[in-house]
Amino acid sequence: MGSLESEKTVTGYAARDSSGHLSPYTYSLRKKGPEDVIVKVIYCGICHSDLVQMRNEMGMSNYPMVPGHEVVGVVTELGSEVKKFKVGDHVGVGCIVGSCRSCGNCNQSMEQYCSKRIWTYNDVNHDGTPTQGGFASSMVVDQMFVVRIPENLPLEQAAPLLCAGVTVFSPLKHFGMAEPGKRCGILGLGGVGHMGVKIAKAFGLHVTVISSSDKKKEEAMEVLGADVYLVSKDTEKMMEAAESLDFIMDTIPVAHPLEPYLALLKTNGKLVMLGVVPEPLHFVTPLLILGRRSIAGSFIGSMEETQEALDFCAEKKVSSMIEVVGLDYINTAMERLEKNDVRYRFVVDVAGSKLDS
């Protein structure tokens with residue numbers, strides 16, 4: 001991309017090493033090209049994968065790293081060839097900010113599966129500069145990887161939809177699970193799981209939440225709208241629920257056994273893995289073979305699906321349960337997230353943190 005102007009200096013919160021501690025960091029945005037928009041960040045959600053990247057749990061982290069891939073903001077500048085947006089539009093940026101645009105996946109609007117995808121942070125732009133995420137005052141993003149926030153969707157509510165929301169929306173649609181009356185299991189009731197319950201209910205599904213304790217039962221049933229709540233340690237109830245679900249969305253981001261949950265699936269049932277687990281998972285094959293069950297995976301959604309998820313949630317008035325915090329609280333929020341001490345998604349008020357003041 002050609003340079004149109006000098007670099008802009010911005011401030012964000014960055015991790016400097018695998019301790020994951022975030023602190024103020026000043027850096028230059030890449031130069032704006034003809035297809036780029038400059039976005040002033042207003043809110044940014046916190047995802048469990050931010051912790052994974054900040055702490056180098058996958059062994060691929062580069063520092064300094066400004067995390068954040070549930071970015072909501074306002075367009076402040078446009079490249080000369082931008083047609084999708086105008087200055088003042090409210091927009092969102094999710095997990096990726098680039099792809100090759102020529103492979104089979106890109107040609108089928110599945111750019112999230114492009115082998116040359118560019119992550120929103122902890123990656124390298126086409127011009128060789130490092131990508132930095134939404135815990136910062138501004139970003140430069142190619143218009144193809146920016147989505148429009150519907151007018152009736154509160155900006156802080158939109159942030160979790162850009163990762164957690166589309167992560168459950170995409171497999172529901174792709175695997176034919178969005179048919180009213182189908183029986184859906186949500187394994188794990190965190191940031192992604194609670195969006196799974198709300199979006200599945202909006203599609204008209206019968207929803208069973210599966211959790212390791214009954215601590216969240218009342219909230220799952222009375223607030224989120226789940227139909228059934230199963231405690232995975234309750235062997236008797238788990239046996240009673242055997243072969244009762246058409247599919248399960250597994251949102252747990254740490255190692256866990258799969259056999260107890262495969263047993264809940266009907267014949268031809270699917271267990272769809274959504275959580276990023278950095279170590280091997282184990283299961284015995286008869287649980288698959290004797291029920292023609294399958295284990296699949298799904299990763300966020302395409303740009304088309306992301307826009308569709310936002311529009312769907314705006315139309316159905318689907319909201320996420322969030323706790324809004326400032327950047328001065330970010331390290332405490334990360335510690336609480338690690339302990340699963342949030343209902344159910346932290347959203348950082350980036351603009352209110354006055355980074356550039």
Side-chain angles (χ1 to χ4, degrees), residues 12-13 22 37 39-51 53-54 66-76 85 89-97 112 119-121 131-139 141 145-170 190-199 202 224 251 274 300-301 303 305-330 333-334 336-337 342-353 355:
Y13 267 58
L22 296 165
V37 298
V39 179
K40 176 186 176 182
V41 180
I42 300 176
Y43 292 105
C44 187
I46 300 178
C47 178
H48 188 274
S49 62
D50 294 330
L51 274 175
Q53 295 282 4
M54 288 157 47
V66 177
H69 60 221
E70 296 181 341
V71 187
V72 174
V74 60
V75 175
T76 58
F85 305 102
D89 283 348
H90 287 140
V91 296
V93 179
C95 296
I96 60 172
V97 292
Q112 76 272 34
W119 304 104
T120 300
Y121 66 89
T131 61
Q132 302 288 12
F135 297 168
S137 53
S138 293
M139 298 176 68
V141 188
F145 296 92
V146 179
V147 291
R148 189 179 306 278
I149 305 299
E151 289 185 6
N152 63 327
L153 190 61
L155 299 184
E156 68 275 16
Q157 287 288 339
L161 302 179
L162 295 163
C163 175
V166 72
T167 291
V168 294
F169 183 89
S170 177
V192 176
H194 101 283
M195 287 308 311
V197 176
K198 300 198 94 175
I199 291 175
L224 300 179
T251 73
L274 305 179
I300 55 168
M303 299 314 300
E305 287 174 319
T306 303
Q307 187 65 65
E308 188 180 351
L310 288 166
D311 294 341
F312 175 85
C313 290
E315 177 190 349
K316 299 291 186 179
K317 295 181 169 54
V318 174
S319 62
S320 46
M321 292 180 65
I322 61 174
E323 181 177 337
V324 179
V325 300
L327 276 167
D328 58 354
Y329 189 79
I330 191 76
M334 291 294 182
R336 287 180 53 195
L337 175 61
V342 56
R343 296 291 188 275
Y344 279 94
R345 201 72 158 181
F346 283 117
V347 174
V348 181
D349 181 1
V350 177
S353 300
L355 281 170

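If you read the sequence from its start, that first residue is 1, and numbering goes on from there.
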Does the side chain of S138 reach to within under 4.5 Å of the side chain of T76, using non-hydrogen atoms?
no
Please output the side-chain donor-acceptor pairs of residues 309-319 that fall under 3.5 Å, not counting sequence neighbours, one pair per line with the distance.
unit_1	atom_1	unit_2	atom_2	d
D311	OD1	Q307	NE2	3.2
S319	OG	K198	NZ	3.4

Measuring from E305:CD to F169:CZ, what's the distance to the nearest 0.5 Å?
7.5 Å
If you apply the rule side chain to side chain contact (heavy atoms under 4.5 Å, CB included), what do you find for M54 with Y121, and how did you get there?
CA-CA 10 Å; M54 288 157 47; Y121 66 89; 5.9 Å; no
Donor-acceptor check, side chain of T120 to backbone of I96, threshold 3.5 angstrom: yes or no?
yes
Answer yes or no: is there a side-chain heavy-atom contact under 4.5 Å between L355 and L327?
yes
Among residues at least two apart in sequence or on other chains, which ones pass side-chain contact (heavy atoms from CB on, under 4.5 Å) with V141?
V93, V97, M139, F145, V146
Treating E323 as the side-chain partner and F346 as the backbone partner, does any N or O pair qualify as donor plus acceptor under 3.5 Å?
no
Taking atom CG of L224 and atom OG of S320, what is their separation to the nearest 0.5 Å?
11.0 Å
Under a 3.5 Å distance rule, please check whether H90 uses its side chain to pair with a backbone N or O of L155 as donor and acceptor.
no
Residue pair V348, Y43: steps toward the side chain to side chain contact (heavy atoms under 4.5 Å, CB included) verdict:
CA-CA 6 Å; V348 181; Y43 292 105; over 6 Å; no
Only one of E70, H194, H48 passes side-chain hydrogen bond (donor to acceptor under 3.5 Å, both in side chains) with R345, and that residue is E70
Go through the steps to decide whether H69 and D50 satisfy the test side chain to side chain contact (heavy atoms under 4.5 Å, CB included), and finish with yes or no.
CA-CA 8 Å; H69 60 221; D50 294 330; 4.0 Å; yes
Do you know which two heavy atoms are closest between V166 and G301, and how far apart they sit?
CG2-CA, 3.9 Å
Quick check for you: to the nearest 0.5 Å, what is the distance between I330 atom CD1 and Y13 atom OH?
9.0 Å
List the steps and the verdict of side chain to side chain contact (heavy atoms under 4.5 Å, CB included) for L51 and M334.
CA-CA 7 Å; L51 274 175; M334 291 294 182; 4.0 Å; yes
Residues which pass side-chain contact (heavy atoms from CB on, under 4.5 Å) with T167, listed by chain and number, not counting sequence neighbours:
C163, V192, L274, I300
Looking at every non-hydrogen atom in both residues, tell me the closest pair between I322 and P160 and how far apart they are.
CG2-CG, 3.8 Å
Rounded to the nearest 0.5 Å, how far does CD1 of I46 lie from CZ of F135?
4.5 Å
Find the distance between CH2 (W119) and OG1 (T131) and round it off to the nearest 0.5 Å.
10.5 Å
Student check: side-chain heavy atoms of L153 and L161 closer than 4.5 Å:
yes
